[in-house]
Structure formats: C-alpha cells, structure tokens
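Reminder, nothing fancy here: chain letters follow the sequence lines and each chain counts from 1. The structure presented is a predicted model; accordingly, all values stated were derived computationally and were not measured.
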Protein chains: 2
Amino acid sequence: MTRKKVKLAFIMNDSARKATYKKRKKGLMKKVNELSTLCGIDACAIIYSPYEAQPEVWPNNIGVQRVLAQFKRMPEMEQSKKMVNQESFIKQRITKANDQLKKQIKENREKEMTEVMYQCLTGKRDHSKLDPAGFE
Amino acid sequence: MTRKKVKLAFIMNDSARKATYKKRKKGLMKKVNELSTLCGIDACAIIYSPYEAQPEVWPNNIGVQRVLAQFKRMPEMEQSKKMVNQESFIKQRITKANDQLKKQIKENREKEMTEVMYQCLTGKRDHSKLDPAGFE
DNA sequence: GTTCCTATCTATAAACC
DNA sequence: TGGTTTATAGATAGGAA
C-alpha cells in the first residue's frame, strides 16, 4: 500500500488541515528549540492560526519581544542589502490565495444554501449560524 | 554500528556547531514554509546567528514586520478575536500580498537604480548582488 | 475532536571529499 | 570551509478506536 506523497499545497479538508497544523506546529516549535539549544543562538517564531486567538510563539512572549525589538533596530539599508527575489514569491502567494478564495466562496455558497433549506423546513431563522465566527 | 543519539545540548566544537547550524536552519525554514503553505497561516521566524550580521528570517523582512505589527496590537486583537471568516481572511491576505508586491517592485526598482549608479562610478559590475538567494 | 499506532517519508549526524 | 553521500533518528499522514 503506497502512501500518497503529500504535495505542498493548501489542505482543503478542514479537519485534515487542523490535524496537520497541530502536528506540524508542535514539530516546528521543537525544531526551533533544538536549533537554539544546540547552537546557542537567539531566535523566535510567531504563528497566527485560526485555531487560537493568541499567536503561538517560541520561546515565549518576552523572548519574542526582545528579538523583535532587536529586529526593529536594524537599519533599513542593511535589511534590503540581501534582497532576495521577493517579487515572484509574493506573486505566488497571491495566486495561491486567489485559488483558496475561489474555493472558499463556493463553500460559503453551499453553506448558505443549506441554511436556507433549513429555514424552510423548520420555519424559523437561526441567526447564530450566521455568526462570522470564522473557521475553527 | 549504532549511531550516537545526539543529545540536546550546546555543541562545544565550533565547526561542528556551525555545520549543524547551517543544516538545521535550512530545515527549519523549510518547515515554516510548509506549515504556512499547507495550513494557510501567517507565521514568521527570526534567527540571529554569529555567522551572519543580519538576522535570517522567514518569509522575508516585510513579512516579519507585518507580523511584528500584528503582534504589538495583540491586546486589542484579543477582543475581536474570531470576527473574520475564512473568506474575508483570505481577501485580506490577497490585499496584503498585493501591497507587499507593489512595495517590493518599487524597492527593487530603487535597488537597480543604485546598482547602475554604482557601476557608473566604479566602472565595474558586481553580479553577486543580484543573486536571487531565496529559500529553495 | 483526541489519542494511539506505524508505515513511510524527511532531516540530518557522520564520514568523506 | 563548504559540498556529497549514507545510514539512522525523527517527523508525520492516514487510519483505527
């Protein structure tokens, strides 16, 4: 039985995406910790996810703030010195986001449809379902 | 022959430490990129090392600054936590990416200008500066 | 959704140029 | 000091309970 070789693309299935997020976030944090310990360096990671109101960080808020303060002090000239070709990178992200959006709109449309049908069947409106609560 | 199970502690040997740093930094950046792509999340990583004058970051300086700004606004964000649904979330990302792109194009243009002027003054070319480094 | 499992895939410590 | 190779430790996708 051959396991499908996960391709690097947005995971459309909500539960699968969340499961993957949790596993990989854990693995990532561990990696940052290892790198920092093994090589004695200063580093931080900040992750914003739809699953947590607060960003998840390494090593902790204070550590992150310290690194960020350092980062802000960096002269701008130096920052752009090692300019990589960010243009194409960002373009890629836009394309990716657009694809996601298209699919999301479709999903939302289907959800609305379900909602309308539900209202017809029950004869009442359930506004809580329209709560823009987001995706969790 | 069993391989020694690397223990999580500062590597005393200088060259070994640097070698490990380079390998693990690369692996880490890849992981952050994968997590971001697979789960469509906003994240950044900043690494200060004695091997580089500037911190090495993911995804790029602009991305880091954006996350930084977000991070500083955290207290307020707490209240309006889950007010965005996936659709507007993605739309936001597209808008942000577009802004980034516009800014990047402008920056690159200025970079080219500076480079050309430099060539005129010194009469030589330094192709190394055009290396589109990036993270594979 | 969560925890556990494990076949597979990936990262990387060492060794060697 | 910086690439390549290779064997093994470690990460994790998918499935089951």
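- Two residues are said to be in side-chain contact when any heavy atoms from C-beta on lie closer than 4.5 Å; Asn33(A) and Leu8(B) meet this criterion.
- The distance from atom CG of Leu28(B) to atom CD of Glu34(A), rounded to the nearest 0.5 Å, is 10.0 Å.
- Between Tyr21(A) atom OH and dT2(C) atom C1' there is a gap of 17 Å when expressed in whole angstrom units.
- At least one donor-acceptor pair closer than 3.5 Å links the side chain of Ser36(A) to the backbone N or O of Ile41(A).
- Rounded to whole angstrom, the span from the CG atom of Leu8(B) across to the C1' atom of dT12(C) amounts to 15 Å.
- Atom NZ of Lys23(B) and atom P of dA11(C) are 13 Å apart (whole Å).
- Sorted by first and then second residue, the pairs that involve residues 7-30 of chain B and meet ring pair (Phe, Tyr, Trp, His ring centres under 6.0 Å), not counting sequence neighbours, are Tyr21(B)-Tyr51(B).
- With sequence neighbours left out, the side-chain contact (heavy atoms from CB on, under 4.5 Å) criterion links Thr20(B) to Leu38(A), Cys39(A), Ile11(B), Arg24(B).
- For the pair Lys22(B) and dT12(C), the criterion of a side-chain N or O lying under 4.0 Å from OP1 or OP2 is not met.
- In this structure, Asn33(A) places its CG atom 14 Å from P of dG10(D), rounding to the nearest Å.
- At whole-Å resolution of the value, NZ in Lys25(B) and C1' in dA13(C) are 18 Å apart.
- Straight-line distance from the CG atom of Leu28(A) to the P atom of dG10(D): 18 Å, rounded to whole Å.
- Note: CE (Met29(B)) to C1' (dT12(C)) measures 17 Å, nearest angstrom.
- In this entry the distance linking CD of Glu34(A) with C1' of dA9(D) reads 11 Å, nearest Å.
- Helix bend of the helix from dT2(C)-dA17(D) to dC17(C)-dG2(D): the angle between its two end axes, each built from five pairs, comes to 30° after rounding to 10°.
- Considering only residues two or more places apart in sequence or on other chains, Lys25(A) meets the salt bridge (charged side-chain N to carboxylate O under 4.0 Å, His left out) condition with Glu56(A).
- Taking a 4.0 Å limit (strictly below) on heavy-atom distances, residues 10-20 of chain B reaches DNA chain D at Lys18(B).
- The shortest distance between the side-chain N/O atoms of Lys30(A) and the OP1/OP2 oxygens of dA11(D) is below 4.0 Å.
- When the side-chain nitrogen and oxygen atoms of Lys31(B) are compared with OP1 and OP2 of dT10(C), none of them lie within a distance under 4.0 Å.
- Between Arg66(A) and Asp42(A) the shortest side-chain heavy-atom distance falls below 4.5 Å.
- When the side chain to side chain donor-acceptor pair (under 3.5 Å) test is applied to Asn60(A), no partner is found at least two apart in sequence or on another chain.
- Using a 4.5 Å heavy-atom cutoff, the side chains of Ser15(B) and Lys18(B) are not in contact.
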